[in-house]
Amino acid sequence: MIELIRQVPDQIEGSFKLEIPAIEPKRGRIYICGMGGSAASGDIIKALAPETPIEVVRDYSLPAFLGPEDAVIAVSYSGNTEETLSAYSEAVKKGAAALVIASGGKLLEAAKRDGVPCIVIPGGLPPRCALGWLMSPLLLALARAGMIPSGLEEDLGSAPDFLRAQMLSLEGPDSPTLDLANKFYSRLPFIYASSRFYPVAFRWCAQINENAKSIAHPAALPEMDHNEVSGIVNPKAFVSEVWAVFLRFPEDYERTSARADITAELIRDSVMGITHLRPEGACTLHRVLWTLVFGDLVSYYLALAYKEDPFAIPRIDVLKERLGKL
Ligand code: F6R
C-alpha cells in the first residue's frame, strides 16, 4: 500500500492528461454524490473552495429542493456503489445531472446511455488509494467551468513536485508518521480539526478504520467545545487511552485556533497524549494534500503495527455482497 500512497503525485499529474469534458456552469449549488473514498474527493473540493456552495451527498437520495439550476456530480471509483447509482438516477429524473466520474461499472454505463458527460479514470485500485484520480478531475472540471476559483488548477499543477519533495521526510523509520502510528497503537485516535477542515480529520479516521482495522473518532471545532469537551472524562479506562491530534491549519479562524489551544489544555490530564500537527505547504491545496498523505501513511504504519493487511476490508465487501442479493 505504501507504493500506492507514493503514487498520489503521479495520479494528480495523470489527471491533467485525462479528457475533461466542458460542463455547463450552473448558478445554484453543486451536489457531489459519492460514498467512502469517492465522497472524500467532494469533501476536499468543498474545503478548498469555501466560497462555492458545495454539498456532499452520502446517501441514496438527493435533497428534495434540488433544481435544474443546480449541478450534480456523481463520483464512484468502481461505478457500482448503490447509493451513488440511486442518487445519480434521481438527478437524471430531475434533469440536473452534470457529470459522472468513475473508472467503469454501472455508473459509467448509465452516463453513456443518458448522454451525461463523464470522466473515465484508470481502474484497478482500492478506491481509498485513488484520491488523486478522484479529486483532481473533479477540481479541473469545476475550475475550468468557472464554478470554483481557477487558481486551484495552478495549485494542483504544482502539487506533484511539492508532494514528491515532502514524501522523503514523511515516510521511513525516523518519520513523524511512523512516530504517530506508534502513539496510536493500542490506543484510541481522536482527530480534531476546524469545521472547514473536518473532512480531513474524517478522512484520517476512515483510513485508520479501513487500513488499520482500528476505531478512530473525528470531531470539529468549535462545535466540540460545546459538548464533547465535557465528555472526555468517562469511561476513564477508555479516555485514558485516547491520543488526540489537533490538525492546525493556518487558515483556521483565529478564535477557533485559540479554542484548540485551550481545549488541548483542558483535556491534557484526561487523555494519554496530544499532538498538534501543523501542515506544510505554501497554499491551502498543498497543505490539505500534505495532511491527507500524512494521515494515509499513519494508517498504513498502524496497519503494520496491528499486523493487519491494509488492503483487506472484509466487512465492507460482505456488506456490499449481501446487499447486492437483497
Ligand atoms: C474502499 C473504499 C470505500 C469505497 C466505498 C464506495 O477502498 O475506500 O470507502 O470508496 O465503498 O465505493 P466507490 O468508491 O467504488 O464508489
Side-chain angles (χ1 to χ4, degrees), residues 1-8 11 15 18 31-46 56-62 72-91 97 99-111 116 118-139 191 199-216 218 292-293 295-300 302-303 308-326:
M1 176 155 297
I2 195 155
E3 288 75 23
L4 296 182
I5 300 172
R6 288 185 191 128
Q7 273 174 23
V8 173
Q11 294 181 8
S15 300
L18 293 176
Y31 292 91
I32 301 172
C33 315
M35 302 300 299
S38 293
S41 64
D43 276 344
I44 292 158
I45 305 299
K46 184 176 157 86
V56 181
V57 179
R58 291 177 156 88
D59 211 337
Y60 291 90
S61 272
L62 294 167
V72 176
I73 304 179
V75 186
S76 169
Y77 186 72
S78 62
N80 288 322
T81 297
E82 62 176 47
E83 298 93 320
T84 316
L85 287 165
S86 160
Y88 166 83
S89 302
E90 259 191 30
L99 185 65
V100 155
I101 301 178
S103 68
K106 293 180 193 157
L107 187 58
L108 217 49
E109 276 169 32
V116 168
C118 36
I119 301 176
V120 186
I121 55 177
L125 298 171
R128 63 190 178 285
C129 299
L131 191 69
W133 286 125
L134 290 159
M135 65 151 278
S136 314
L138 179 57
L139 184 149
I191 317 296
V200 181
F202 183 80
R203 162 82 179 182
W204 269 49
C205 292
Q207 294 295 78
I208 291 170
N209 297 153
E210 290 185 65
N211 294 339
K213 268 59 83 178
S214 163
I215 56 170
L292 291 169
V293 169
D296 281 9
L297 287 166
V298 171
S299 71
Y300 165 74
L302 189 58
E308 295 285 352
D309 172 3
F311 286 104
I313 41 170
R315 290 190 184 158
I316 297 176
D317 294 341
V318 169
L319 263 160
K320 287 187 181 184
E321 193 193 313
R322 284 175 59 179
L323 278 157
K325 288 185 190 146
L326 294 180

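As the structure lists them, so they are numbered: ligands from 1, and atoms in each ligand from 1. Index from 1, following the sequence.
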Using modelled atom types only, decide if a donor and an acceptor are shared between the side chain of [X] and the backbone of [Y] within a distance under 3.5 Å.
X      : Y      : value
Ser86  : Tyr60  : yes
Tyr77  : Cys129 : no
Arg128 : Phe311 : yes

> Of the listed options (Glu210, Glu82, Glu83, Lys320), which comes nearest to atom 11 (O) of ligand 1 when hydrogens are ignored and any heavy atom counts?
Replying inline: Lys320
> Which option, Arg128, Arg203, Gln207, owns the non-hydrogen atom nearest atom 8 (O) of ligand 1?
Replying inline: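 Minimum heavy-atom distance to atom 8 (O) of ligand 1 goes to Arg128.
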>> If I apply the N/O under 3.5 Å rule, does Gly36 come out as touching ligand 1?
In response: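 Checking ligand 1 against Gly36, no N or O pair falls under 3.5 Å apart.
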> N/O of Thr84 under 3.5 Å from N/O of ligand 1, yes or no?
Replying inline: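 Between Thr84 and ligand 1 (N or O atoms, distance only) the closest approach is not under 3.5 Å.
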> Only one of Val116, Val100, Ile101 clears side chain to side chain contact (heavy atoms under 4.5 Å, CB included) with Leu107; which?
Replying inline: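 For Leu107, the side chain to side chain contact (heavy atoms under 4.5 Å, CB included) test succeeds with only one of Val116, Val100, Ile101, which is Val100.
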> Pick one: which of Thr81, Ile73, Val56, Leu62 meets side chain to side chain contact (heavy atoms under 4.5 Å, CB included) with Cys33?
Replying inline: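 Exactly one pass, corresponding to Leu62.
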>> At less than 4.0 angstrom from any non-hydrogen atom of Ile313, what atoms of ligand 1 do you find?
In response: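 In order of number, 1 (C).
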> Any idea which atoms of ligand 1 are less than 4.0 Å away from a heavy-atom of Ser76?
Replying inline: 13 (P), 15 (O), 16 (O)
> With the threshold set at 4.0 Å, does a side-chain nitrogen-carboxylate oxygen contact exist between Glu308 and Lys213?
Replying inline: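 Not counted as a salt bridge, because no side-chain N and carboxylate O are separated by less than 4.0 Å.
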Taking [atom] as the reference point, the nearest protein heavy atom with its distance:
atom                    : value
atom 12 (O) of ligand 1 : Thr81 OG1, 3.0 Å
atom 14 (O) of ligand 1 : Ser38 OG, 2.5 Å
atom 15 (O) of ligand 1 : Ser78 OG, 2.6 Å
atom 10 (O) of ligand 1 : Gly37 N, 2.9 Å

> So, Ser136 and Gln11: side-chain donor and acceptor under 3.5 Å apart, yes or no?
Replying inline: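 Looking only at side-chain atoms, Gln11 and Ser136 do not form any donor-acceptor pair under 3.5 Å.
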